[in-house]
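Reminder, nothing fancy here: chain letters follow the sequence lines and each chain counts from 1. What you are looking at is a predicted structure, and each value in this text was computed from that prediction instead of being measured.
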Amino acid sequence: MATLGKKLFILSVRMGRGLWHRGIVSSSNPVQSAVEPLEKLQESSSDAITEQMAKSLKYPDFFKVAELFTVEDLFNARVHLGHREGSLNDHMSQFIFGSRLSHLIFDLDQTATLLREALNFTAHIAFRGGIILFVGRIPQHQVMIENTAKECGEYAHTRYWQGGVLTNSTIQFGSVIRLPDLIIFLHTMNNVIYEHTAIRDAAKMLIPTVGIVDTNCNPNLITYPVPGNDDSAASISLFCNLFKAAILRGKEKRKELLGVH
Amino acid sequence: MASVCIGNLVRNSAKVFRNSYITQVRTPYGLQIRCWNSTTPEPSSKPLTSVPASDTIKHEGSGNQLIKVSKAMKAYQEKAQALDALMFEKTTEYEIGRRHLANMMGEDPETFTDEDIDTAIEYLFPSGLFEPRARPLMKHPTEVFARKKVAEFDETGRPFHVLFYTGLPNYYQVLHDLSEKVRELDSFSDRMMQYNIHKDPERTLNVGGTEWVKKEQLEDILLEKLKDKQYEFFVRSMNRLLDHPFSYRVEEFIMKFRKHVQISVIHKEIPKLMFTAEGTPYMAAVGRRKTSTASVTVYGRGSGKISINGEDLLYFKYIQDREQVLFPLQFSGLLGKVDVVADVDGGGFSGQSGAIRYAISMAVRSFVDEQMMEKMRLAGLLTRDPRRHERKKPGWKGARAKYTWKKR
């Protein structure tokens, strides 16, 4: 594992000088122009807001989520550690770097790319005032996930999933409610065998999903899969903090745009 | 294999860096991966899967969605307003009623308490009904009308509670707080272990005389309907918190879900000893058994003399009846220390001896301390035996016995 880190370091040095700062390891030049500041609105006309929000989509990394982490951070949080070879889901083999003593290792470059996409998407959703639901069913990390949701002003569901939450919400909650606009899965599995029902239900209800997929998980129905370890407290903690940071960035920009809300 | 992979990595990355625009790498599974190294703002390419839902909020379709949500919010608001208006109306009615009642009873309206109201209603509307809840009552509207949850989301549709989508936000919030408290206490106990301080027996949380709230009471506190399994899980988790050696640090949280056990035994007033002209203490009591009535006087500072209808203990022919008479004195240790004078009438020897025994027990209560009295109660001496003769039924041999059953 030390050799892998060393090789990454050598890579970065080869690729360009002065890049080993908190930035994009695999980029040649840092994004030069600062993002155009959004015009503060005097009157909040919905057309102007929509225009501003559409403008934000023109940038590949409007919220600079790439600054939030490096591949080294992922490595230190043990995100690259997968399960054993026998439990590998065939759809995950594209994300595997290799295996060591029959333990699978994730390709952190792929993880980094996909994670940046996921964070970018999350930030955009938060920017537009979307409801984000954190889902995870492993008891060890329940409290951590619920606290993350609380700290960024979003929602969490780490308990028994009642069948009709998304697909039969009017009956389930007793009235018409607004469904989540994004669901973030810190664990895609309920237990070792079964996938979380919410993955299928979110796909049915056309709700985009972000999910941390381990080597035994199926990434098919997830909109933005992020291959990585979902069993260590360190890796889950890192992911929680990253998503929280992305959401808070999106909300900050929203506040700027809409004034004091 | 690892070296080959790294080789590919280097090659791919190099390719990427040579072209400083968005590269699309197609994988065998058709998943498109974009590399984030572009310096020129480019319109976003075709999205990977579905249109992000964030866009639809501003669209016409989602405009309808917003309208739908505000309709629900509007309905909520109307309900809440209606409830408020109702409560206000009922409360004013109640206050006016209270003042009228006070005037009727001739009391001061300002200091007429709820207990006074209860007594006044009992006086003015005497009810022979057995069930207390069927009797006329006048209570404050907050006690009569069940509390309901207020609106759970704002006008944009965003719920207020973090755990809204679980369906039981208050219940799961309690479990969340519980987990946090257990962690707090564990970290505290770890710190204490460093200083070699273990469980302090003096500061242990005392929950004597209390028990966990029942399921219905928990539902009232949380305003949420629970399943039996959820309640049982709650109790198990709270017990885990309670069993922690440092649980006294979270006493407030635990006590929120504990209620005091109501003492079921109604303490009757034990009559005080009376004194004769000479100054000997005595107590009189009446006891009944079957159709016999016994009136007994127990004199203190005695020598164990027993007189039944003017006769000795040998009034009773059978040893069992004599033992019945002596049992309360022997049990309380007053056998040779008190004199007993008994008048008994009605029934047969068994009923009469039982009646005398009960009467002596009730009289002896005044001579004896509380602990002994409790022991007597547990021994069954202070229970009036309610059994009476059961009549014979026609077609039956006796009260319960049937005639021999013949199949054919």
Side-chain angles (χ1 to χ4, degrees), chain A residues 4 7 11 15-16 24 26-29 31-33 46 49-50 53 57-61 66 91 94 97-98 107 109-110 113-114 116-117 121 124-125 127-131 133 142-143 146 149-150 154-157 159-160 162 165 172-173 175-178 180-182 206-208 223-224, chain B residues 1-2 5-6 9-10 12-14 16-18 20 22 27-29 31 33-39 41-44 48-58 65-66 68-69 71-72 75-76 152-153 156-159 161-168 172-173 175-176 179-180 183 230:
Chain A
L4 179 62
K7 281 185 174 140
L11 264 177
M15 289 313 143
I24 309 160
S26 57
S27 101
S28 53
N29 299 306
V31 176
Q32 273 171 353
S33 57
S46 60
I49 297 173
T50 324
M53 285 186 170
L57 289 177
K58 292 188 179 161
Y59 299 86
D61 194 359
H91 301 290
Q94 59 182 309
F97 183 69
D107 181 357
D109 282 337
Q110 287 192 61
T113 313
L114 291 170
R116 262 174 244 131
E117 289 215 357
F121 184 73
H124 275 282
I125 294 273
F127 178 50
R128 285 144 189 274
I131 292 179
L133 185 66
Q142 243 169 15
V143 178
E146 286 177 348
K150 200 180 199 165
E154 296 296 337
Y155 308 91
H157 194 315
R159 307 288 173 170
Y160 176 74
Q162 288 162 312
V165 169
Q172 188 76 42
F173 293 98
S175 70
V176 174
I177 60 153
R178 189 174 145 189
D181 300 302
L182 169 65
L206 300 179
I207 298 170
T223 326
Y224 291 91
Chain B
M1 181 181 141
C5 288
I6 288 181
L9 217 126
V10 173
N12 284 338
S13 313
V16 153
F17 300 136
R18 252 181 273 131
S20 59
I22 295 174
T27 64
Y29 292 86
L31 185 71
I33 304 169
R34 267 187 264 124
C35 300
W36 291 99
N37 60 344
S38 171
T39 52
E42 245 187 328
S44 60
L48 288 175
T49 50
S50 54
V51 177
S54 54
D55 271 341
T56 62
I57 292 169
K58 294 298 168 190
Q65 191 187 34
L66 276 176
K68 259 194 230 168
V69 165
K71 257 195 192 159
Y76 254 143
E152 291 171 279
F153 44 83
T156 60
R158 287 188 75 96
H161 204 289
V162 181
L163 306 175
F164 170 78
Y165 288 101
T166 58
L168 299 170
Y172 288 122
Q173 181 64 48
L175 293 182
H176 175 92
S179 300
E180 297 257 80
R183 276 171 198 219
Q230 288 166 332

**Student:** Side chain, backbone, both or neither: which part of A:Glu146 has a non-hydrogen atom closer than 4.5 Å to chain B?
**Tutor:** both
**Student:** Nearest 0.5 Å please: distance from the CD atom of A:Gln110 over to the CZ atom of A:Phe97.
**Tutor:**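 Result: 10.5 Å between the selected atoms.
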**Student:** With rounding to the nearest 0.5 angstrom, report the CZ to CD distance, B:Phe164 to B:Glu152.
**Tutor:**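 B:Phe164 CZ to B:Glu152 CD: 5.0 Å, rounded to 0.5 Å.
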**Student:** Is A:Glu154 close to chain B through its backbone or its side chain, or both, or neither, when contacts mean heavy atoms under 4.5 Å?
**Tutor:**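 For A:Glu154, the contact with chain B is made by backbone and side chain together.
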**Student:** Can A:Thr223 and A:Phe121 be said to form a side-chain contact (heavy atoms from CB on, under 4.5 Å), step by step?
**Tutor:** CA-CA 10 Å; A:Thr223 326; A:Phe121 184 73; 5.9 Å; no
**Student:** Among residues at least two apart in sequence or on other chains, which ones pass side-chain contact (heavy atoms from CB on, under 4.5 Å) with B:Gln173?
**Tutor:** A:Lys150, B:His161, B:Leu163, B:His176, B:Asp177
**Student:** Can you say whether A:Val165 sits under 4.5 Å from chain B via the side chain, the backbone, both, or neither, judging by heavy atoms?
**Tutor:** side chain
